[in-house]
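Some notes on the structure that comes next.
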Amino acid sequence: MSGFNTRAVHAGQEPDQLTGAVIPPIHLSSTYAQDGVGNLRAGYEYSRSGNPTRDNLQESLAALEGGHRAFSFASGLAAEDVLIRTVVRPGDHIVLGNDAYGGTYRLINGVFGEWNIGHTATDLGDLDGARKVIQAQLPKIVWVETPSNPLLKIVDIAGLADIAHEVGAILVVDNTFATPALQQPLSLGADVVIHSTTKYIGGHSDVVGGALIVKDNTWADRIAYLHNAAGAVSGPFDAYLTSRGIKTLGIRMKQHSENAQKIAEELLSHPAIEEVYYPGLPSHPGHSIATTQMSRFGGMLSVRVKGGQKAALDFVANTKLFTLAESLGGVESLIEYPYSMTHASVAGTVLEVPDNLVRLSVGIEDVEDLLEDLVTALKALG
Ligand code: PLP
């Protein structure tokens, strides 16, 4: 198999057969002419069921994650919804990390809870503790984010895969933060990778999307069935934009990681900062595992600000280059307050985040400018 950046540029992106167009055209048609009933020209009949632009993206995603097959959705949560409905039935159980993305928790707790799907949120970073919970609950799915959102916790994917498989569960890894450029969960034993492609995969904050990538054929046909039957597929423009972003994923992740590492190191000794969460710091509790399963440490970091909620709110209001906004993974730097923004849906649950936490999505701008912006905003806290 060719190298990552070569796959990112070429997989699913062959020049157009008909015209030679180097960039495959966007296929907008919702339907396809048939040469007689059921006599399809290239296997396409209706764009919910299949669309060449979406197929190109899916081929690319499967190649990047080293998967058997990929499915592209209208959002990350749409992908999660289809995966859960494919694998679990009423009465089944899901074990997930106790710092999963708030929307994932809301889906599992608030939506699937009503369909009698149980769940346990636990610290999956502690493998002995995780084994006890998994052996007691006998889940169908073990669901992990590593690094996690927003606390950047690291979980040993290979170790957790073994524990999940011992009880016949599948291991699902949300690889949104790391991306396949930095971490390849399927090669470490995961069964399914999910992405909010809205984030680094798209990379430019201009498209919402999600993806599932499966290791083998065990669930592929059933996911394909629900993908079409429930219909939350990505549209052709979205698929095109996502494919466009993928071509620079490798070099973007390198720059995001270098910038975030520098900022994490600087903030570590800043007097206004209480704690820095970044897996690239040797002081991070997951650093040594991160070193074995990630090639770099990504562009996300969180900090706890001295002075509590007020200081955190002032900090996010003070930055200029870092835009106050939800989401992450674009080329531009963003700052947000998880407690009442991205993670508001988990307030009052076991997943509630500290009220002095600030999350940074470090972009690919010049790191000196980013640092100056952060230091100036922190100075204004007094
Ligand atoms: N997983 C992670 C780690 C996320 O951060 C998000 C969104 O922020 C999602 C999944 C959900 O994806 P989407 O917003 O594309 O539905």
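- Salt bridge status for Glu258 with Lys254: present, with a side-chain N to carboxylate O gap under 4.0 Å.
- Salt bridge absent: Lys132 and Asp128 never bring a charged side-chain N and a carboxylate O closer than 4.0 Å.
- Here the straight-line distance linking atom OG of Ser333 with atom CG of Leu328 works out to 11.5 Å at 0.5 Å rounding.
- Residues Ser49 and Asn228 have side chains that bring a donor and an acceptor to within less than 3.5 angstrom of each other.
- Atom NE2 of residue His343 and atom CZ of residue Arg106 lie 10.5 Å apart, to the nearest 0.5 angstrom.
- Taking the six-membered ring for Trp, His227 and Phe73 have ring centres closer than 6.0 Å.
- Formation of a donor-acceptor pair under 3.5 Å by the Thr53 side chain with backbone atoms of His27 is found in this model.
- With hydrogens and angles left out, the side-chain atoms of Thr323 and Glu332 include no donor and acceptor closer than 3.5 Å.
- Nearest heavy atoms, Asp314 versus Leu381: CB-CD2, 3.4 Å.
- For Phe177, the ring pair (Phe, Tyr, Trp, His ring centres under 6.0 Å) criterion is met by no residue, not counting sequence neighbours.
- Every residue two or more places apart in sequence or in another chain that forms a ring pair (Phe, Tyr, Trp, His ring centres under 6.0 Å) with His119 is listed here: Tyr105.
- Note: His287 and Phe297 meet the aromatic proximity criterion, with ring centroids under 6.0 Å apart.
- Formation of a donor-acceptor pair under 3.5 Å by the Glu365 side chain with backbone atoms of Leu321 is not found in this model.
- In this structure, Lys140 places its NZ atom where only 12 or fewer heavy-atom neighbours from other residues, nucleotides or ligands lie under 6.0 Å away.
- The salt bridge (Lys or Arg N to Asp or Glu O under 4.0 Å) analysis of residues 183-205, with sequence neighbours excluded, yields the pairs Asp191-Lys215.
- Side-chain contact, Glu145 with Thr176: no donor N or O sits under 3.5 Å from an acceptor N or O.
- A distance of 11.0 Å separates CG in Asp366 from CG in Leu371, rounded to the nearest 0.5 Å.
- Between Arg69 and Asp221 there is a salt bridge, with a side-chain nitrogen of the basic residue lying less than 4.0 Å from a carboxylate oxygen of the acidic one.
- Between Met253 and Ala181 the shortest heavy-atom distance is CG-CB, 3.8 Å.
- Across every non-hydrogen atom of Val350 and Ala121, the tightest pair is CG2-CB, 4.1 Å.
- Side-chain atoms of Ser148 and Asp99 include a donor-acceptor pair closer than 3.5 Å.
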